[in-house]
Amino acid sequence: MITTDILIVGGGQGGAQVAISLRQGGYEGSIVMVGDEPDMPYDRPPLSKDYLAGDKTVDRLLLRKAEFWEKNKIDLCVGKRIASIDAEAHVAITDDEEKFQYGYLIWAAGGYARPLPIPGGDLSGIHVIRTREQVDLLRLEVENAREIVVIGGGYIGLEAAAVLTKQGKKVTILEAESRVLARVAGAPISEFYESEHRAQGVTIHTGVAVTHLEGENGRVKSVVLANGDEISADLVIAGIGLIPNKDIIEAAGAKCSNGVEVDELCRTSLPDIFSIGDCACHANKFAEGAFLRVESVPNAVGQAKAVVSVILGDPKPFVDVPWFWSNQYDLKLQTAGLNHGYDETILRGDPATRSFSLIYLRKGQVVAVDAVNMIKDFMAGKKLVEKGLVVDKASLADTDILLKSLLG
Amino acid sequence: MSKLIVVTRDGEEKILSGSVGSSVLEVIHDAGIEDLMALCGGCCSCATCHVYVDDEWISAAGAANEDEADLLEDSEHRKTASRLACQIKITDKLDGLRVIVAPED
Ligand SMILES: Cc1cc2nc3c(=O)[nH]c(=O)nc-3n(C[C@H](O)[C@H](O)[C@H](O)COP(=O)(O)OP(=O)(O)OC[C@H]3O[C@@H](n4cnc5c(N)ncnc54)[C@H](O)[C@@H]3O)c2cc1C
Ligand code: FES
């Protein structure tokens with residue numbers, strides 16, 4: 001049995017930040033981080049961007065070099081998976097029966113890419129984008145692929161489509177909803193990205209249901225739609241969302257719903273166990289207190305800091321405005337706030353100029369801003385959302401008026 | 001390798017060395033200086049890697065690019081010497097560069 005003051009489960013963005021911030025805050029106890037990927041903690045967003053494109057090497061992906069963890073006495077156990085937790089005894093056990101006795105446990109286990117829930121979903125040649133290993137495999141197969149079908153028009157699917165089109169592949173995006181990004185953004189944003197992708201040569205079909213995948217010798221060869229259409233594919237990428245890793249901690253007795261439920265200090269319902277990042281579900285004040293998971297780096301890092309503040313004895317809840325970015329082609333999208341329950345949008349600027357923003361209102365209040373190649377609006381938008389201001393709509397739409405001048 | 005001098009938020013001066021081609025941010029992080037959150041991982045989207053370039057080095061380091069300037073514009077701690085550490089690449093010409101970590105916004 002290994003005894004440690006802090007046991008971090010999951011060596012991703014959130015887990016790594018807990019360890020880093022603890023040491024930065026002068027914490028001297030022992031820290032063990034167990035992660036089931038073979039890699040040291042790395043930056044995930046480039047996986048569908050520069051890393052997929054081959055513009056970033058593995059070295060540059062790492063959040064810190066190996067020496068950093070050694071020097072700071074952070075014990076990284078990579079390639080190990082925690083399989084069960086005895087919350088009362090404060091013991092976590094790995095797949096291979098290794099036991100860790102902990103003081104505090106931080107469940108920072110993220111999630112995994114939702115597999116295609118349709119016949120043929122297990123053929124070879126079907127890929128998802130969540131880990132470095134998965135992307136390496138994808139990159140290897142992309143080399144010999146000509147026709148690529150991306151199932152799911154969310155951010156990750158669109159980013160991958162952008163990279164692969166640039167590499168000369170024939171890319172088709174299939175989206176079940178009536179527009180891409182339907183779950184995350186307003187219609188003008190969807191329309192803009194659809195037209196950009198089409199202009200780059202991507203084929204997009206929206207409102208289509210994929211019924212199954214056809215294979216040949218165990219390898220995918222086409223995607224079949226409910227209307228009978230068959231789209232040939234050398235390779236398929238499924239970008240249909242994330243399933244949070246919560247089964248193990250739920251089995252240990254933690255209250256879970258759409259994720260591991262935590263309070264504003266990221267405490268779970270179990271003693272001395274915290275949860276952060278993509279797997280943690282919290283009442284978010286920017287969504288009228290709705291329980292939700294925020295899948296973004298700033299959220300994982302901010303929650304990590306909240307946990308550290310508790311451990312260091314000066315509790316500070318994480319209540320920053322959620323934000324996120326997505327890079328496709330030469331387009332930089334930044335979003336601030338959560339558009340949860342919005343009832344109105346205001347378009348600011350002309351999408352045809354490839355630089356504009358969409359402002360989301362809920363009962364007149366600015367709740368979110370999506371800014372495309374418009375960093376100024378993103379920065380000011382974050383502050384508008386933070387203050388929850390009700391602003392004159394005509395002024396919001398008027399590009400001659402700087403958003404920041406509306407901050408009052 | 002190129003020399004990089006960093007003044008941390010505690011006012012401590014640290015002498016680091018970084019390989020040509022890496023960013024000032026990467027060199028600072030690899031040295032275990034955790035003052036910069038660098039939330040976006042260096043893709044010029046967040047402004048959490050704000051530093052001041054020492055007066056003597058301003059022209060050698062060059063001006064902020066357009067996106068960078070927009071990100072920095074609203075910082076309470078903006079100065080003419082402001083840059084984002086992820087956007088300054090270490091070059092032979094910058095051997096000896098001195099930067100000061102800006103206060104947190
Ligand atoms: C392709 C892609 C692009 C993205 N782009 C952006 C972006 O542009 N901007 C942005 O803000 N966010 C982006 N995100 C989201 C962002 O990467 C995540 O929000 C962030 O990584 C969450 O951090 P985390 O620590 O919660 O989870 P993760 O980083 O996923 O880390 C969890 C780790 O725990 C491990 N683990 C799980 N179960 C166990 C177990 N039982 N035992 C041991 N280890 C375990 C997992 O294997 C994983 O390594 C992107 C994500 C992906 C996949
Ligand atoms: S790290 Fe985000 S702008 Fe430099």
Side-chain angles (χ1 to χ4, degrees), chain A residues 13 17 19-25 42-47 49-51 56 59-72 74 296-302 304-305 320 323-327 330 332-335 371 373-383 402-404 407, chain B residues 1 4 6 8-10 12 14 16-50 64-78 82-87 89-90 101-102 104-105:
Chain A
Q13 305 264 180
Q17 191 65 48
I20 292 170
S21 293
L22 275 171
R23 288 294 185 238
Q24 189 191 6
Y42 62 88
D43 201 19
R44 226 169 268 287
L47 291 183
K49 308 179 181 80
D50 334 14
Y51 187 73
K56 203 164 200 166
D59 279 8
R60 300 296 272 281
L61 218 52
L62 295 179
L63 290 174
R64 297 291 182 277
K65 287 192 173 151
E67 303 88 81
F68 172 85
W69 306 105
E70 265 168 50
K71 221 174 102 191
N72 284 284
I74 295 161
S296 78
V297 171
N299 176 69
V301 169
K305 294 192 163 197
D320 289 4
W323 67 274
F324 182 81
W325 70 94
S326 173
N327 299 337
D330 58 343
K332 228 176 172 140
L333 171 84
Q334 288 159 300
T335 136
N373 286 347
M374 194 51 113
I375 290 177
K376 283 191 170 84
D377 282 4
F378 165 68
M379 296 302 273
K382 223 159 134 183
K383 292 185 181 152
L402 281 177
L403 268 194
K404 73 171 171 189
L407 280 165
Chain B
M1 290 302 239
L4 176 71
V6 179
T8 66
R9 257 185 217 132
D10 300 338
E12 224 181 301
K14 300 216 167 153
L16 317 175
S17 78
S19 46
V20 170
S22 48
S23 70
V24 166
L25 172 68
E26 287 170 312
V27 180
I28 290 178
H29 270 178
D30 285 339
I33 299 170
E34 294 299 336
D35 290 352
L36 301 171
M37 291 231 276
L39 286 171
C40 76
C43 77
C44 201
S45 296
C46 73
T48 59
C49 63
H50 186 180
N65 64 50
E66 197 186 328
D67 284 354
E68 194 183 342
D70 283 347
L71 281 168
L72 284 164
E73 187 177 293
D74 292 331
S75 165
E76 294 159 41
H77 306 285
R78 172 92 203 252
S82 287
R83 290 289 312 265
L84 293 176
C86 69
Q87 300 301 304
K89 292 270 171 294
I90 302 279
V101 176
E104 206 163 3
D105 275 323

Which region of A:K49, side chain (C-beta onward) or backbone (N, CA, C, O), has a non-hydrogen atom less than 4.5 Å from a non-hydrogen atom of chain B, or is it both or neither?
neither

Sidechain N-carboxylate O distance under 4.0 Å for B:E73, B:R78:
no

Proximity breakdown for A:F324 and chain B, heavy-atom pairs closer than 4.5 Å:
neither

Is A:P298 in contact with chain B via its backbone, its side chain, both, or neither, using a 4.5 Å heavy-atom distance?
both

Contact origin within A:N373 toward chain B - heavy atom pairs under 4.5 Å
neither

Among B:V6, B:V24, B:D30, find the residue that satisfies the side chain to side chain contact (heavy atoms under 4.5 Å, CB included) test when tested with B:L16.
B:V6

How about A:I20 and A:F68: do any of their side-chain heavy atoms sit closer than 4.5 Å?
yes

In terms of heavy-atom contacts, B:E68 and B:L84 come closest through OE2-N, 2.9 Å

Looking only at B:G41, B:C46, B:G32, B:S45, the option with the highest number of non-hydrogen pairs under 4.5 Å against chain A is B:S45

Residue selection (most heavy-atom pairs with chain B, distance under 4.5 Å) from A:R60, A:M379, A:K383, A:E67:
A:R60

Is a salt bridge present between A:R23 and B:E34, judged by a nitrogen-to-oxygen distance below 4.0 Å?
no

Would you kindly say whether A:S21 and A:Q17 are connected by a side-chain donor-acceptor distance under 3.5 Å?
yes

So for A:K65, is it side chain, backbone, both, or neither that comes closer than 4.5 Å to the heavy atoms of chain B?
both

Find the one option among B:C44, B:S22, B:G42, B:A47 whose heavy-atom pairs under 4.5 Å with chain A are most numerous.
B:C44

